[in-house]
**Q** 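If you scroll down you'll find the structure; I have some questions about it.
Computed over heavy atoms, backbone and side chain alike; hydrogens, waters and symmetry mates excluded. Keep in mind the model is a prediction, meaning the values are calculated, not measured.
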Amino acid sequence: MVYVVAVYDVEADRTRLFLNFLRRYLTHVQNSVFEGEITEGDLEEIKRELDSMLEAGESVIVYRMSSEQYVSRTVYGEDPTDDSHFL
């Protein structure tokens, strides 16, 4: 397993496409920002699919960490990954 943070900068009318795709693998934490622990195989599939989805002038950055334990994460305000606010 690897821990991944993915951010994208795409045309406004295409954000839904990237949002729906990345939600299949990662947790949506901010506009255009996703994170989570996935398999190496899923990471390769994400990279391959994102590369095919991009158009000129758009970009995606994928940060890969070998484990979530190497991530220092600080949230100011409400944490979007905190499920306790869902009943």
**Q** With a 4.0 Å cut-off, would you call Glu40 and Arg64 a salt bridge?
**A**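 Here Glu40 pairs with Arg64 in a salt bridge, since their nearest N and O are under 4.0 Å apart.
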**Q** Please report the C-alpha distance between Val7 and Glu35 in whole Å, then the side-chain angles of each, then the deciding distance to 0.1 Å, and finally whether the side chain to side chain contact (heavy atoms under 4.5 Å, CB included) criterion is met.
**A** CA-CA 9 Å; Val7 298; Glu35 66 183 30; over 6 Å; no
**Q** Side-chain heavy atoms nearer than 4.5 Å, only ILVMFWY residues, links allowed to pass through others: does that put Tyr3 and Tyr70 together?
**A**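 No, it is not one cluster - the side chains of Tyr3 and Tyr70 are not joined through contacts under 4.5 Å.
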**Q** Would you mind checking if Glu11 and Arg14 are paired as a salt bridge, meaning a charged N to carboxylate O distance below 4.0 Å?
**A**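 Glu11 and Arg14: not salt-bridged.
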**Q** Show the nearest heavy-atom pair for residues His28 and Ser32, with the distance to one decimal.
**A**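 Result for this residue pair: NE2-N, 4.0 Å.
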**Q** May I ask you to check whether over 12 heavy atoms, not counting those of Asn20, lie within 6.0 Å of atom CG?
**A**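 More than 12 heavy atoms, drawn from other residues, nucleotides or ligands, come within 6.0 Å of this atom.
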**Q** May I ask you to say whether Asp42 pairs ionically with Lys47, meaning some side-chain N is under 4.0 Å from a carboxylate O?
**A**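 Salt bridge absent between Asp42 and Lys47.
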**Q** Would you say that Met1 contacts Thr39 through its side chain, given a criterion of any heavy-atom pair below 4.5 Å between the two side chains?
**A**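 Yes; the side chains approach each other to less than 4.5 Å.
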**Q** Could you grab the distance from atom CD of Glu45 to atom CZ of Arg24, nearest 0.5 Å is fine?
**A**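 It comes to 7.5 Å.
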**Q** If hydrophobic residues (ILVMFWY) are linked whenever their side-chain heavy atoms come closer than 4.5 Å, directly or via other members, who joins Phe18 in its cluster?
**A**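 Val2, Val4, Tyr8, Val10, Leu17, Leu19, Phe21, Leu22, Tyr25, Leu26, Phe34, Ile38, Leu43, Ile46, Leu50, Met53, Leu54, Val60, Val62, which link up through side-chain heavy atoms under 4.5 Å apart, make up the rest of the cluster.
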